[in-house]
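Have a look at the structure below before the remarks.
Predicted, not measured: the structure shown is a model, and the values here were computed from it. Residue numbers count from 1 along this sequence.
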Amino acid sequence: AIVRSKPSRLVPLAIAGAALLSVAIALYGQHRLGMRPCPWCILQRAIFLVIAVVALVTALAPWRHVRMALNILTVALATGGVIAAIYQHEVAAKSYSCNLTFADKLITALGLESAWPWMFQVTAACSEAADDLFGVPFEFWSLALFAAIALAAASLVLRAVRVETG
């Protein structure tokens with residue numbers, strides 16, 4: 001039983017760590033390297049933070065069904081992150097302005113930029129925020145991590161379903 005419960009606790013902790021590390025890297029890029037985030041960058045940052053909180057709660061949740069529901073929520077959030085990263089690359093980066101896009105409206109509606117500007121302040125238009133890391137567009141790194149998180153959380157859901165039905 002102890003061996004069986006470890007992945008259901010350790011994987012969410014790894015997910016939370018990876019999500020927080022990605023935000024730390026983004027903040028380092030912004031505040032130390034001069035990378036200016038657009039609304040879609042900030043939206044992805046917020047999604048990573050929500051994923052980290054949900055994953056930490058998942059790791060601490062005492063009930064298997066609650067962990068399964070939270071893992072499903074993590075899959076949904078990560079899928080939203082994948083969509084945001086793809087949209088940023090395929091649409092937003094080719095647009096001069098991100099003003100009044102879904103990301104801009106959501107960040108404004110949630111009051112993120114005014115509540116915590118160091119973390120959530122938009123400082124670039126979408127076309128200006130096209131940065132890369134090791135030659136790979138920054139949003140592709142984000143997309144890859146969102147996809148990995150979605151797969152990891154989905155594997156826990158499938159594992160829990162197999163344990164329940166088998």
query: Does the side-chain contact (heavy atoms from CB on, under 4.5 Å) test come out yes or no for T108 and K105, once each step is laid out?
result: CA-CA 5 Å; T108 302; K105 289 178 184 178; 5.8 Å; no
If I take atom [atom1] from residue [X] and atom [atom2] from residue [Y], how far apart are they, to the nearest 0.5 angstrom?
| X | Y | atom1 | atom2 | value |
| --- | --- | --- | --- | --- |
| I86 | F146 | CD1 | CZ | 11.0 Å |
| L21 | Y28 | CG | OH | 13.0 Å |
| M68 | T58 | CE | OG1 | 12.0 Å |
| Q88 | L43 | CD | CG | 9.5 Å |
| C41 | M35 | SG | CE | 8.0 Å |

[X] to [Y] - nearest heavy-atom pair and separation:
| X | Y | result |
| --- | --- | --- |
| A147 | V82 | N-CG2, 3.8 Å |
| A61 | R9 | O-NH1, 2.6 Å |
| A16 | A52 | CB-O, 3.7 Å |
| A153 | I15 | N-CD1, 4.1 Å |
| S22 | L145 | CB-CD2, 3.5 Å |
| A19 | I51 | CB-CG2, 4.3 Å |

Membership question, hydrophobic clusters at under 4.5 Å side-chain separation (ILVMFWY): are [Y] and [X] in the same one?
| X | Y | result |
| --- | --- | --- |
| I83 | L49 | no |
| V54 | I149 | yes |
| V75 | L73 | no |
| L156 | L158 | no |
| L20 | W116 | yes |

message: Tell me whether R64 contacts the main-chain N or O of A160 through its side chain, where contact means a donor paired with an acceptor under 3.5 Å.
response: no
query: What's the verdict on side-chain contact (heavy atoms from CB on, under 4.5 Å) for E113 and I42, showing C-alpha distance, side-chain angles and the deciding distance?
result: CA-CA 9 Å; E113 197 169 10; I42 296 296; over 6 Å; no
- prompt: Can you say whether the rings of W40 and Y87 are parallel (under 30°), tilted (30 to 60°) or perpendicular (over 60°)?
  reply: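 Aromatic pair W40/Y87 classed tilted.
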query: Under 30°, 30 to 60°, or over 60°: which ring-plane class applies to F140 and H89, parallel, tilted or perpendicular?
result: tilted
